[in-house]
Engineer: 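Below is a structure I'd like to ask you about.
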Amino acid sequence: MNAAALWRFLRHRVFIFDPWLSTVLLAISLISLVTMYSAAGDGSERLVVHARNLGMAVMITWLVASLDPRHLRAVAIPIYLVGLALLFGVELMGITAKGAKRWLDLGFTRIQPAELMKIAIPLMLAWFFHISQNRLRSRYVHLMAIMLLVLPVALVGRQPDLGTAILIGSAGAFVIYFAGLSWRVILGSLVVGLAAMPLLWLNMKPYQKERVLTMIDPTNDPLGKGFHIIQSTIAVGSGGMQGKGWLRGTQAHLDFVPERTTDFIFSVYAEEFGLVGTGILLALYTAFIARGLIIASQAQSLFSRLLAASMTMIVFTYAFVNIGMVIGILPVVGVPLPFMSYGGTALVTLGVGCGMLMCIAHENAMQRHRAGRQFIFQ
C-alpha cells in the first residue's frame, strides 16, 4: 500500500471526526475534568472513572461515526421494537428501587431500557418520515409519528422517570417538528396542553407536585425539598463575575451543594469560574448546536437531516433542563449536564448521538469531495 492509498484509508476510516464538533467536545471534556477534580474533592477515584467514561464515549462516537447512514436507517425498526419490548418487560417484571421501577434484570446484568429509547425514538421517527417523504403534508403521517412517540413516553412516565420521559419526548418532538409539522398544529397543541394543566396536576404523584411547588418557592422547605435549589442558586450567584477560583468554591467544598458531581455540577463550575467561565461554557454548547444544525442542513437525505437535527437538539435539551433546574427555574428532574456530569449511561447515550452526527458530517464531506472531483474532471 503506497502513501496515497494509506492516507485515503486513514482519512475515510480513522480520521472521520468532524473537526469543528471535535474541537468543541474536547474543550467541554477538558472543562469537565477540571471541574470534576474540584467537585469530587478527595474522591480521586470518581475523577478516574469519569475520565474512563469520557474515553469510552469517544470510542463509541468513533465506532458509530464509522458507519454509513444507511446502516443506521436499517437498524431503526429493530432497535425501536427491542426498546419497546424491554419497556414492557420493565412494566411487567422490572426491579423497583427508591419508589421507581426502571431497571430490568437479565440475569447477567441489569439494564435501564429507557436509555435505549433516547436513541431509538429519533432513529425510528427519522426512518418513518424518510419512507413517507412524499406524504409529509398528510396529517395522518404526523398522527402516526405521534403515536410512535407517545407509547414509549407513557411507559417511561409510568416507571416513573420524568427526566428521561422529557428527554425522549423532546427527541421525538424535534424530529416531528423538523419534518414540517404545521404551526397551526403546534399552536393548537400548546393551547390544549395549557388547558389540560389542571387535569395533569390532579394526576401527578405527590412527589412530582412537591417538585413543582419547591421550584416555585423553595423556602417553604429550606432544609428538606428546597435545600438542593437554595444551595445551588447560592453557589451560582456567589461566583460573581470572575468566580472564587478553582478549588476555592466554599458551597461545594463545605458540602452544601448536594449531588455536586452529577446533576448539580454546573453550580460547582459557576461558583469557581463565575459569569465569565459560565459564558465560555454556554458559548461552547451554542457552538455545538450551531455546528450540528449546519450538518443537518447539509445532509444528503431526509433521514440524515432529521436524525442530525434531533441529535443536536437533544444536547440542547440536556443542557437547558439541567441548567434550568440548577438555577431554580425548572423542577429538579435528574437530567445530567452533557459531557460534564458524572455517569456512564448518559455519556454512552451522548457518545452514540455524537457518533451519528459525525457519521452524517462524514457523509456530507465525502459528497462534497466527490462533487469536487467531478467538477475538476469536467
Side-chain angles (χ1 to χ4, degrees), residues 20-55 57-58 214-215 218-219 222-223 226-290 315-316 318-330 332-344 346-347 350:
W20 296 102
L21 277 183
S22 301
T23 302
V24 171
L25 290 175
L26 177 62
I28 296 176
S29 298
L30 291 175
I31 290 174
S32 78
L33 290 172
V34 170
T35 309
M36 188 63 66
Y37 182 88
S38 177
D42 295 331
S44 58
E45 180 181 351
R46 179 151 286 214
L47 174 66
V48 171
V49 173
H50 182 62
R52 184 196 66 193
N53 290 338
L54 283 172
V58 171
T214 300
M215 176 198 68
T219 59
L223 298 179
F227 186 79
H228 286 60
I229 296 177
I230 291 173
Q231 298 304 322
S232 65
T233 51
I234 289 174
V236 172
S238 64
M241 182 62 69
Q242 297 180 339
K244 296 178 179 178
W246 186 46
L247 304 179
R248 296 180 181 177
T250 55
Q251 289 296 114
H253 291 283
L254 293 177
D255 289 334
F256 285 109
V257 177
E259 306 295 339
R260 61 181 183 269
T261 61
T262 52
D263 294 345
F264 287 86
I265 195 169
F266 179 78
S267 60
V268 178
Y269 176 79
E271 183 182 22
E272 296 187 355
F273 296 97
L275 182 62
V276 174
T278 299
I280 292 173
L281 182 61
L282 294 179
L284 288 171
Y285 282 126
T286 302
F288 179 96
I289 294 164
V315 174
F316 164 79
Y318 266 98
F320 179 80
V321 173
N322 177 272
I323 295 174
M325 72 182 192
V326 167
I327 63 177
I329 63 172
L330 292 176
V332 177
V333 292
V335 173
L337 188 60
F339 310 107
M340 290 281 291
S341 296
Y342 179 88
L347 280 173
L350 290 166

Engineer: May I ask you to test the Leu30-Leu26 pair for a side-chain heavy-atom distance under 4.5 Å?
Structural biologist: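 Heavy-atom side-chain distance check passes, below 4.5 Å.
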Engineer: Quick one: pull up OH in Tyr342 and NE2 in His50 and give me the separation to the nearest 0.5 Å.
Structural biologist: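 Here the interatomic distance stands at 9.5 Å.
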Engineer: Just to verify, which of Arg260, Gln251, Lys244 counts as forming a side-chain hydrogen bond (donor to acceptor under 3.5 Å, both in side chains) with Glu271?
Structural biologist: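 One option only clears the test, and that one is Lys244.
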Engineer: The test is side-chain contact (heavy atoms from CB on, under 4.5 Å); show your working for Tyr37 and Leu247 and say whether it passes.
Structural biologist: CA-CA 8 Å; Tyr37 182 88; Leu247 304 179; 3.8 Å; yes
Engineer: Determine whether a donor-acceptor pair (N or O, by modelled atom type, separation under 3.5 Å) exists between the side chain of Gln231 and the backbone of Val257.
Structural biologist: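 Between the backbone of Val257 and the side chain of Gln231 there is no qualifying donor-acceptor contact (under 3.5 Å).
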Engineer: Counting C-beta onward and ignoring hydrogens, is there a side-chain heavy-atom pair between Val34 and Phe273 closer than 4.5 Å?
Structural biologist: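 In short, these two side chains touch, coming nearer than 4.5 Å.
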Engineer: Looking at every non-hydrogen atom in both residues, tell me the closest pair between Val24 and Ala287 and how far apart they are.
Structural biologist: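 The answer is CG2-CB, 3.9 Å.
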Engineer: Between Pro258 and Phe264, what is the shortest heavy-atom contact and its length?
Structural biologist: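 Closest approach of Pro258 to Phe264: O-CB, 3.5 Å.
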Engineer: Closest approach of Tyr269 and Gly277, non-hydrogen atoms and distance?
Structural biologist: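 Scanning both residues, the minimum pair turns out to be OH-O, 2.6 Å.
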Engineer: Indicate the atoms forming the closest heavy-atom contact of Val236 with Ser267, along with that distance.
Structural biologist: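 Smallest interatomic distance, heavy atoms only, reads CG2-CA, 3.9 Å.
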Engineer: Would you say the side-chain atoms of Ser341 pair up with the backbone N or O of Thr262, donor to acceptor, closer than 3.5 Å?
Structural biologist: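 Yes.
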Engineer: Contact between Met36 and Leu33 at the side-chain level, heavy atoms closer than 4.5 Å - yes or no?
Structural biologist: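 A side-chain contact under 4.5 Å is absent here.
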Engineer: Do you know which two heavy atoms are closest between Pro336 and Tyr318, and how far apart they sit?
Structural biologist: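 So the two residues come closest at O-CD2, 3.4 Å.
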Engineer: Return the CG to OG distance between Asn53 and Ser29, rounded to the nearest 0.5 Å.
Structural biologist: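 So the gap between those two atoms works out to 11.5 Å.
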Engineer: If only atom types and distance count, is the side chain of Asp263 paired as donor or acceptor with the main-chain N or O of Asn322 below 3.5 Å?
Structural biologist: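 Answer holds: no.
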Engineer: First locate atom CD of Glu272, then atom OG1 of Thr250, and finally report the distance between them rounded to the nearest 0.5 Å.
Structural biologist: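 Separation between the atoms: 9.5 Å.
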Engineer: Is a side-chain N or O of Ser232 found less than 3.5 angstrom from the main chain of Ile229, in a donor-acceptor match?
Structural biologist: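 Such a contact is found between Ser232 side chain and Ile229 backbone.
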Engineer: Within this structure, what is the OG1-CG distance for the pair Thr35 and Leu337, rounded to the nearest 0.5 Å?
Structural biologist: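 Going from OG1 on Thr35 over to CG on Leu337, the span is 9.5 Å.
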Engineer: State whether the number of non-hydrogen atoms from other residues, nucleotides or ligands found under 6.0 Å of Phe227 atom CZ is greater than 12.
Structural biologist: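 Yes, the 6.0 Å shell around CZ holds more than 12 heavy atoms from other groups.
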Engineer: Would you say the side chain of Tyr285 lies within less than 4.5 Å of the side chain of Ile28, judging by non-hydrogen atoms?
Structural biologist: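 Heavy-atom side-chain distance check passes, below 4.5 Å.
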Engineer: ring-ring contact (aromatic ring centres under 6.0 Å, His included) with Phe316: which residues, sequence neighbours excluded?
Structural biologist: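 ring-ring contact (aromatic ring centres under 6.0 Å, His included) check on Phe316 returns Phe320.
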Engineer: Check whether any side-chain heavy atom of Phe339 lies under 4.5 Å from a side-chain heavy atom of Ile31, and answer yes or no.
Structural biologist: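 Phe339 does not reach Ile31 side chain to side chain.
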Engineer: Flag the pair Ile234 / Phe256 as yes when at least one side-chain heavy-atom distance between them is below 4.5 Å, and no otherwise.
Structural biologist: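 In short, these two side chains do not touch, never coming nearer than 4.5 Å.
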Engineer: Any non-hydrogen side-chain atom of Leu282 less than 4.5 Å from a side-chain atom of Ile323?
Structural biologist: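 In short, these two side chains touch, coming nearer than 4.5 Å.
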Engineer: Nearest 0.5 Å, what's the CG-CD distance between Leu275 and Gln242?
Structural biologist: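 With rounding to 0.5 Å, CG (Leu275) is 10.0 Å from CD (Gln242).
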Engineer: Measure the shortest side-chain to side-chain distance between Val49 and Arg52 over non-hydrogen atoms and say whether it is less than 4.5 angstrom.
Structural biologist: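 Counting from C-beta outward, Val49 and Arg52 do come under 4.5 Å.
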Engineer: Working to the nearest 0.5 Å, report the span between CG of Leu330 and CE of Met325.
Structural biologist: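 Separation between the atoms: 9.0 Å.
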